[in-house]
S.K.: 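Submitted below is the structure of interest, expressed as structure tokens.
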Protein chains: 2
Amino acid sequence: MEAGKRMDEHETCGHHGHAHDAHGPARTADLVARAERLAQDLGLQFTALRRRTLEVVAEEGRPLGAYDIAERLSVPGKRVAAVSVYRALDFLTEHGLVHRIASRNAFVPCEHGHGAGESAVFLICRSCGSVDETISAEIERSLDRTLAEAGFKPASRIVEIEGECGACQGRSEAG
Amino acid sequence: MEAGKRMDEHETCGHHGHAHDAHGPARTADLVARAERLAQDLGLQFTALRRRTLEVVAEEGRPLGAYDIAERLSVPGKRVAAVSVYRALDFLTEHGLVHRIASRNAFVPCEHGHGAGESAVFLICRSCGSVDETISAEIERSLDRTLAEAGFKPASRIVEIEGECGACQGRSEAG
DNA sequence: GCCCTGCCTGTTACAGTGTAACGCTCGGCG
DNA sequence: CGCCGAGCGTTACACTGTAACAGGCAGGGC
């Protein structure tokens, strides 16, 4: 695998000032650059619609439904249908640029450089709706072990934890 | 047509005996008994609709959508609406008698005695559609550790692995 | 008994999510 | 030029889920 060399700059979390405030323009540019590189390398088309879809998702900082994305992409006189967004999202998820949150029917930008096959853990806050993506080799290992014991050959993995993020815990306790 | 005593002749996978061939009448009776005990203990109502919903899900051996359940519960002249099924499913999931498979929008019977708060791992086979529910203390531990590091307070956990089950691997290799 | 109340269920209506099918455009290629 | 494949627009439709309201039924107080 190729992914191993990138040092994870975002410091999963000592306190709560962690990854999920790292959206916005910078994260967007990052992702778009990654997409362009990837498209070039693999001979894929990173079209305007796919780019704009990725940008919308990346800017948001919380999971967006396909219809929400379609709405944001639409301008008076030029409406983008949800079905087009779904196709763009298919492309983006397939190449690990965005992730689908199954428990919310919504999409978030990928916060790591890992490929589509890698497994991530999504921490979904019930209070603020933010989603934090973390990776744990330990979890992957124990998962792999369990799968091996069951004789199960995994293709994709979904790990989503709902609860309350650190920031919201502090907020609800302190008032 | 819906005789609860019918023997399950369809034998998803003859050999490889792990949990997921433990559906059918026996599993159903188990679950119903558990539900009755639970209702008695907590002063809840295990109504006919809830019971029949549980039975349908337990008999099936693969994830069932709410509308499929509604269809199975309906008889000519007496149609059960999906919305009623959803309410029954709310009750059943809330008390850990069935689980919702988020990635499929479908429901499976609980194959363990654990409560609703426990975390299970679902192995979903792409070939035969069966779902195997396993529990791993090791996975839970590593998950807990990751959550603690992130300062995240979990409320519910979703772990769903899609892939190919042991039986189907054998089948596709051997022909 | 009667009413009140709470829970469950039936029913309708509707919002949200996702896909199938068809046709068009555009760019590359013989 | 015509062919072809990929992407996209459009329509139509299926599936998933919830809100709101009405009726039924059991238990409790009078």
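Each chain gets a letter, A, B and so on, in the order the sequences are listed, and its residues count up from 1.
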S.K.: Going by atom types only, do B:Glu55 and B:Thr28 share a side-chain donor-acceptor pair under 3.5 Å?
M.R.: no
S.K.: What is the distance, rounded to the nearest whole Å, between atom CZ of A:Arg100 and atom P of C:dG18?
M.R.: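 Checked: the CZ to P distance equals 4 Å.
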S.K.: D:dC15 P sits how many Å from B:Arg104 CZ, rounded?
M.R.: 16 Å
S.K.: What's the CD-P distance between B:Gln45 and D:dA26, to the nearest Å?
M.R.: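 The distance from CD of B:Gln45 to P of D:dA26 comes to 10 Å, rounded to the nearest Å.
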S.K.: How close or far is atom C1' of C:dG18 from atom CG of A:Leu89, stated in whole angstroms?
M.R.: 12 Å
S.K.: Which comes earlier along DNA chain D counting from the 5' end, the contact point of B:Phe107 or that of B:Arg87, where each point is its nearest nucleotide?
M.R.: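 By nearest-heavy-atom nucleotide position, the 5'-most residue is B:Phe107.
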S.K.: Between C:dC8 atom P and B:Leu44 atom CG, what is the distance in whole Å?
M.R.: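 Going from CG in B:Leu44 over to P in C:dC8 covers 8 Å.
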S.K.: Which nucleotide in the set C:dG10, D:dT18, D:dT11 lies at the smallest distance from any side-chain heavy atom of A:Val83?
M.R.: D:dT11
S.K.: So does B:Glu59 pair up with B:Arg72, basic N to acidic O under 4.0 Å?
M.R.: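 Salt bridge absent between B:Glu59 and B:Arg72.
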S.K.: Does A:Ser84 place a side-chain N or O at less than 4.0 Å from the phosphate oxygens OP1/OP2 of D:dG9?
M.R.: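 For A:Ser84, the contact criterion (side-chain N or O under 4.0 Å from OP1 or OP2 of D:dG9) is met.
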S.K.: Does B:Val80 reach a base, just sugar-phosphate, or nothing at all? Heavy atoms under 4.0 Å.
M.R.: nothing
S.K.: Can you tell me the distance, in whole Å, between the CZ atom of A:Arg79 and the P atom of D:dT10?
M.R.: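 That distance rounds to 7 Å.
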S.K.: Examine D:dG7: is either OP1 or OP2 under 4.0 Å from a nitrogen or oxygen in the side chain of A:Thr47? Give yes or no.
M.R.: no
S.K.: Tell me the interatomic distance from A:Phe46, atom CZ, to D:dG7, atom C1', rounded to whole angstroms.
M.R.: 14 Å
S.K.: Under 4.0 Å between a side-chain N or O of A:Asn105 and OP1 or OP2 of C:dG16?
M.R.: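 Checking A:Asn105 against C:dG16: no side-chain N or O falls below 4.0 Å of OP1 or OP2.
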S.K.: Does a side-chain heavy-atom distance below 4.5 Å link B:Arg50 with B:Leu44?
M.R.: no
S.K.: One thing to verify: whether A:Glu36 and A:Arg51 come together as a salt bridge, which I'm taking to mean a side-chain N less than 4.0 angstrom from a carboxylate O.
M.R.: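 Result for this pair is yes, salt bridge flagged.
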S.K.: Tell me, do A:Arg79 and A:Leu73 make a side-chain contact under 4.5 Å, heavy atoms counted?
M.R.: no
S.K.: Between C:dC8 atom P and B:Leu92 atom CG, what is the distance in whole Å?
M.R.: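 Distance check: B:Leu92 CG to C:dC8 P gives 12 Å.
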S.K.: Can you tell me which nucleotide in D:dG17, C:dT9, C:dT19 comes closest to the side chain of B:Tyr86?
M.R.: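 Out of D:dG17, C:dT9, C:dT19, the nucleotide with an atom closest to B:Tyr86's side chain is D:dG17.
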S.K.: Among the candidates C:dG18, C:dT19, D:dG17, find the nucleotide nearest to the side-chain atoms of A:Tyr67.
M.R.: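 My answer, after comparing the listed nucleotides, is C:dG18.
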